[in-house]
Amino acid sequence: MSKYDRYTFIPQFSLTPNKLALTNKVFVNQESNSVDNPYYDCKSDNPNRIKRVSSNNKVTRQFHNFKISQNAHRNLKNKINWLYFLSKSKYVKTYRGKEIFNFRIGFLTLTLPAKQKHPTIEITKEYFNQLLTELRQRTKMQNYVWRLEFQKNGNVHYHLVTDTYLDFYFVRDIWNRILSKGGYIKDYQDRFKDLSLMEYVSKFNNNSKDNFNQLAKRYALGKKNNWSKPNTVDVKSVVSNKSISNYISKYFSKDSDSNVYCNELDNEDNSKNLRLWFCSRSLSQLKSISNYCEAIDWDCRSLVESIKDAKVKYYRYCCVIYFEIKKASNWIKSKLYKLFHEYSRNLGYIPSG
DNA sequence: GGCATTAAACACGGAGCGCT
DNA sequence: AGCGCTCCGTGTTTAATGCC
């Protein structure tokens with residue numbers, strides 16, 4: 001009996017704002033033995049399967065070792081693409097009075113101002129989660145994705161992408177207040193409060209002339225605040241006329257270029273359930289528009305393939321066509337926009353602004 | 001990419017606190 | 001009362017796996 005008698009394959013598609021995936025849905029025919037069921041292997045009694053069941057019969061999860069898996073990587077990129085695609089372009093005025101006319105999403109980096117003293121899981125639970133809670137409550141931030149990474153010095157830092165405009169000074173003050181609970185602001189103050197300008201400059205100087213003026217300015221500002229407002233936040237605004245969503249999703253999921261994968265206080269024991277990324281509930285619902293190819297009255301493949309610069313890639317069990325919506329002809333563009341907006345609206349997704 | 005499975009982290013909003 | 005800040009209960013979401 002050939003496998004084509006045992007299984008029935010029905011072509012299906014899965015469409016997101018930047019790619020179309022074509023796969024087969026597999027049905028097992030009645031006569032076949034249960035061992036041939038392709039999903040049989042998913043059951044934990046399969047001997048070929050890597051053992052994930054511990055002695056008390058509970059399913060154990062393999063340790064992520066602080067590296068994002070291929071699967072998680074794909075999901076993360078997908079969420080950022082949805083977030084950017086569905087974001088509205090809006091006018092915002094910064095705290096300092098600067099105008100941004102086409103703000104779509106913001107890209108924030110949150111760091112620690114001193115050497116990390118607590119295991120990463122504690123920082124995430126007690127500090128970063130509190131920041132998210134406050135931002136949700138105070139700015140109505142609803143749609144966002146975050147990702148945890150380690151700096152070369154072993155300190156954890158967090159990236160946050162959202163379609164709500166978050167002002168640098170606003171976030172910095174909240175984040176620093178939260179960090180002060182763990183003594184991180186005090187640690188920073190202790191490091192700088194007794195430094196003279198020359199000591200400060202020699203600490204950071206890399207021998208360039210204009211660097212000195214900058215450092216002197218920073219020194220003066222730090223001194224004025226009594227070193228109570230360390231620069232723990234970096235904010236980048238993504239404006240609609242820049243095609244930067246790719247940059248973000250690459251930046252977000254790039255492999256760590258250093259050997260540092262975690263803090264020295266972290267180990268498998270205290271970090272096995274540490275999340276490396278997460279997103280808002282609004283975004284977790286957004287996956288892809290999918291259906292059987294024959295169930296729709298338009299040819300999704302040729303539609304997408306006709307977009308300029310579309311790239312077709314064949315994998316072992318699926319075929320994926322990557323495209324950029326903005327390069328599509330007007331009627332394809334509007335067809336896709338309509339599809340995606342209807343899909344997200346039906347799931348209750350509300351873009352900010 | 002889709003499918004099923006599981007424990008445990010997380011999102012989220014309601015409610016509580018103290019201060020003005 | 002109104003705001004800034006914190007805590008907590010509950011239900012939702014994630015992760016790896018191996019086949020097509």
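Each chain gets a letter, A, B and so on, in the order the sequences are listed, and its residues count up from 1. The structure presented is a predicted model; accordingly, all values stated were derived computationally and were not measured.
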Considering just the side-chain nitrogens and oxygens of [X], establish if one lies under 4.0 Å of OP1 or OP2 belonging to [N].
{"X": "A:Asn75", "N": "C:dA15", "value": "yes"}
{"X": "A:Asn129", "N": "B:dA11", "value": "yes"}
{"X": "A:Tyr317", "N": "B:dC3", "value": "no"}
{"X": "A:Ser69", "N": "C:dA15", "value": "no"}
{"X": "A:Asn273", "N": "B:dA9", "value": "yes"}

Rounded off to whole Å, could you give me the [atom1]-to-[atom2] distance for the [X] and [N] pair?
{"X": "A:His73", "N": "C:dA15", "atom1": "NE2", "atom2": "P", "value": "12 Å"}
{"X": "A:His64", "N": "C:dA16", "atom1": "NE2", "atom2": "C1'", "value": "12 Å"}
{"X": "A:Trp175", "N": "C:dG4", "atom1": "CH2", "atom2": "P", "value": "20 Å"}
{"X": "A:Ile121", "N": "B:dA7", "atom1": "CD1", "atom2": "C1'", "value": "13 Å"}
{"X": "A:Leu132", "N": "B:dA9", "atom1": "CG", "atom2": "P", "value": "17 Å"}
{"X": "A:Leu20", "N": "B:dG2", "atom1": "CG", "atom2": "P", "value": "11 Å"}
{"X": "A:Arg136", "N": "C:dC5", "atom1": "CZ", "atom2": "C1'", "value": "15 Å"}
{"X": "A:Lys140", "N": "B:dG13", "atom1": "NZ", "atom2": "P", "value": "9 Å"}

- [ ] Give me the ring orientation class for A:His159 and A:His157: parallel if the planes are under 30° apart, tilted from 30 to 60°, perpendicular past 60°.
- [x]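 Plane angle over 60°, so perpendicular.
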Open item on the list: Which residue in the set A:Phe170, A:Phe103, A:Tyr95 passes ring pair (Phe, Tyr, Trp, His ring centres under 6.0 Å) when paired with A:Tyr165?
Closed with: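 The residue from A:Phe170, A:Phe103, A:Tyr95 that satisfies ring pair (Phe, Tyr, Trp, His ring centres under 6.0 Å) with A:Tyr165 turns out to be A:Phe103.
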Task: Neighbour count >12 (heavy atoms, 6.0 Å) for atom CD, A:Gln70 - done: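 Count not over threshold, so no.
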Open item on the list: Taking NZ in A:Lys311 as the centre, count heavy atoms belonging to other residues, nucleotides or ligands within less than 6.0 Å. Is the count above 12?
Closed with: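 Open: at most 12 neighbouring heavy atoms sit under 6.0 Å from NZ of A:Lys311.
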- [ ] Verify, without hydrogens or angle tests, whether A:Lys236 (side chain) and A:Phe107 (backbone) share a donor-acceptor contact under 3.5 angstrom.
- [x]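 Judged by distance alone, no pair lies under 3.5 Å.
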Open item on the list: With a 3.5 Å distance limit and no angle check, can you tell me whether A:Ser280 reaches the backbone of A:Tyr144 through a side-chain donor-acceptor pair?
Closed with: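 Yes: the side chain of A:Ser280 pairs with the backbone of A:Tyr144.
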Task: Given DNA chain B, 5'-ward residue of the pair A:Ser288 and A:Trp277, judged by closest heavy atom - done: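 The residue mapped nearer the 5' terminus is A:Ser288.
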Look for any protein N or O under 3.5 Å of an N or O in nucleotides 16-20 of chain B and output each such pair with its distance, or none.
none

Base, sugar-phosphate or nothing for [X]? Non-hydrogen atoms, less than 4.0 Å.
{"X": "A:Thr23", "result": "base"}
{"X": "A:Arg316", "result": "nothing"}
{"X": "A:Phe128", "result": "nothing"}
{"X": "A:Lys287", "result": "nothing"}

Open item on the list: By nearest atom, which of the nucleotides B:dC10, B:dG2, C:dC5 is closest to the A:Arg138 side chain?
Closed with: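 My answer, after comparing the listed nucleotides, is C:dC5.
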Open item on the list: Quick check for you: to the nearest 0.5 Å, what is the distance between A:Asp167 atom CG and A:Lys93 atom NZ?
Closed with: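 The NZ atom of A:Lys93 is 12.5 Å from CG of A:Asp167, to the nearest 0.5 Å.
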Task: Centroid-centroid under 6.0 Å between A:Phe204 and A:Tyr200 rings - done: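 A:Phe204 vs A:Tyr200: aromatic centres under 6.0 Å.
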Task: Sole candidate of A:Thr124, A:Thr111, A:Thr109 that passes side chain to side chain donor-acceptor pair (under 3.5 Å) when paired with A:Tyr158 - done: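 When A:Thr124, A:Thr111, A:Thr109 are each tested with A:Tyr158, the side chain to side chain donor-acceptor pair (under 3.5 Å) holds only for A:Thr124.
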- [ ] Give the B/S/- string for nucleotides 6-13 of chain C, one per nucleotide from 5' to 3', where a protein heavy atom under 4.0 Å of the base yields B, of only the sugar-phosphate yields S, and otherwise -.
- [x] BB---BSB
Open item on the list: If only side-chain N and O atoms count, and only distance matters, is there a donor-acceptor pair under 3.5 Å linking A:Arg136 with A:Thr133?
Closed with: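 Looking only at side-chain atoms, A:Arg136 and A:Thr133 do form a donor-acceptor pair, the distance falling under 3.5 Å.
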